[in-house]
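Residue numbers start at 1 and run along the sequence shown. Reckoned from all heavy atoms, side chains included, excluding hydrogens, waters and symmetry mates.
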Amino acid sequence: MPIKRELVFDGMPTLTICHSSPRKVNEDMRPDDENTFSIMEQNTADLIMCGHTHRQGIIRHGGKTMINAGSVGLSINGGAKAQFAILSGKNGAWENELISLEYDTDAVIADLHSSGLYESAPVWCQVTECMLRGGSIGGGGLTHGKVLLRAMELCEKGEGVCRWPDIPEKYMEAAMEALIG
């Protein structure tokens with residue numbers, strides 16, 4: 001898939017959609033961040049829809065708007081809610097609404113256990129379950145991204161090369177232990 005797409009609808013301004021930023025698939029776009037402002041300034045469309053950070057929100061800068069729809073299953077700082085955005089065109093302009101809904105997280109956790117995923121990816125499942133329960137492991141802010149980055153560092157050090165998603169579970173376990181102290 002392309003890193004970004006420019007969508008054009010009759011009578012509406014061009015819309016950029018991307019996973020994280022219009023430049024890179026894993027580049028965070030965060031509020032009050034000069035890099036985010038630079039990305040927005042360089043983008044040709046006035047509206048950017050993205051995700052990646054699992055943080056729902058809107059950033060406005062220089063006449064442009066970036067909307068992060070959040071996460072349908074594992075929002076960060078939004079509780080265990082399903083988040084999304086509704087975008088609609090009205091009178092030649094985009095209007096948006098950010099939605100955040102509760103869902104049956106106990107059923108999702110039960111599915112995690114019954115699916116067998118806990119056996120093949122226990123650390124990933126532990127972090128997921130903790131986030132779904134609204135808690136934190138080790139006192140705060142442990143996310144899949146933090147564990148994954150640390151695991152990749154450890155894997156590279158131990159194996160010489162590391163490619164996601166082929167990270168041995170021992171590095172995921174070591175990463176979680178290192179992060180929770």
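- Contact annotation: the side chain of T36 never approaches that of P31 to less than 4.5 Å [non-hydrogen atoms, C-beta and beyond].
- Under a cut-off of 6.0 angstrom, the local environment of CD in E102 is sparse, with at most 12 non-hydrogen atoms contributed by other residues, nucleotides or ligands.
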### Query
Would L47 and L87 count as a side-chain contact (heavy atoms from CB on, under 4.5 Å) if you check the C-alpha gap in whole Å, the side-chain angles of each, and the deciding distance to 0.1 Å?
CA-CA 11 Å; L47 178 61; L87 189 64; 3.8 Å; yes

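- Counting only heavy atoms from C-beta outward, the side chains of E27 and I39 approach each other to under 4.5 Å.
- A distance of 12.0 Å separates SG of C155 from CZ of R150, quoted to the nearest 0.5 Å.
- Side-chain contact check for T16 versus E6: some heavy-atom pair is nearer than 4.5 Å.
- Residue pairs meeting the ring pair (Phe, Tyr, Trp, His ring centres under 6.0 Å) criterion with at least one partner in residues 90-124, sequence neighbours excluded, are F9-W94, H113-Y118, W124-H144.
- Here F37 contributes atom CZ and M29 contributes atom CE; the two are 9.5 Å apart, rounded to the nearest 0.5 Å.
- Salt bridge annotation for E129-R133: present, with a cationic side-chain nitrogen under 4.0 angstrom from a carboxylate oxygen.
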Contacts under 3.5 angstrom, residues 161-181 side chains, donor-acceptor by atom type, not counting sequence neighbours:
residue	atom	partner	partner atom	Å
E169	OE2	V123	N	3.1
Y171	OH	E159	OE2	2.6

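- Atoms CD1 and CD1, from I67 and I86 in turn, are 11.5 Å apart once rounded to the nearest 0.5 Å.
- Closest non-hydrogen pair, K64 versus A45, comes out as CD-O, 3.8 Å.
- Looking at every heavy atom in both residues, S20 comes nearest to N26 through OG-N, 3.1 Å.
- For N91, the CG atom counts as loosely surrounded, since its 6.0 Å shell holds 12 or fewer non-hydrogen atoms of other residues, nucleotides or ligands.
- With hydrophobic clusters built from ILVMFWY side chains whose heavy atoms lie under 4.5 angstrom apart, I48 does not share a cluster with L98.
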Run the side-chain donor-acceptor check on residues 51-62: report pairs under 3.5 Å with partners two or more places apart or on a different chain.
residue	atom	partner	partner atom	Å
H52	ND1	H19	NE2	3.0
H52	NE2	D28	OD1	3.1
T53	OG1	R55	N	3.3
T53	OG1	N68	ND2	2.9
H54	ND1	S71	OG	3.1
H54	ND1	L74	O	2.8
Q56	NE2	A69	O	3.3
Q56	NE2	F84	O	3.3
Q56	NE2	I99	O	2.9
H61	NE2	E41	OE2	2.6

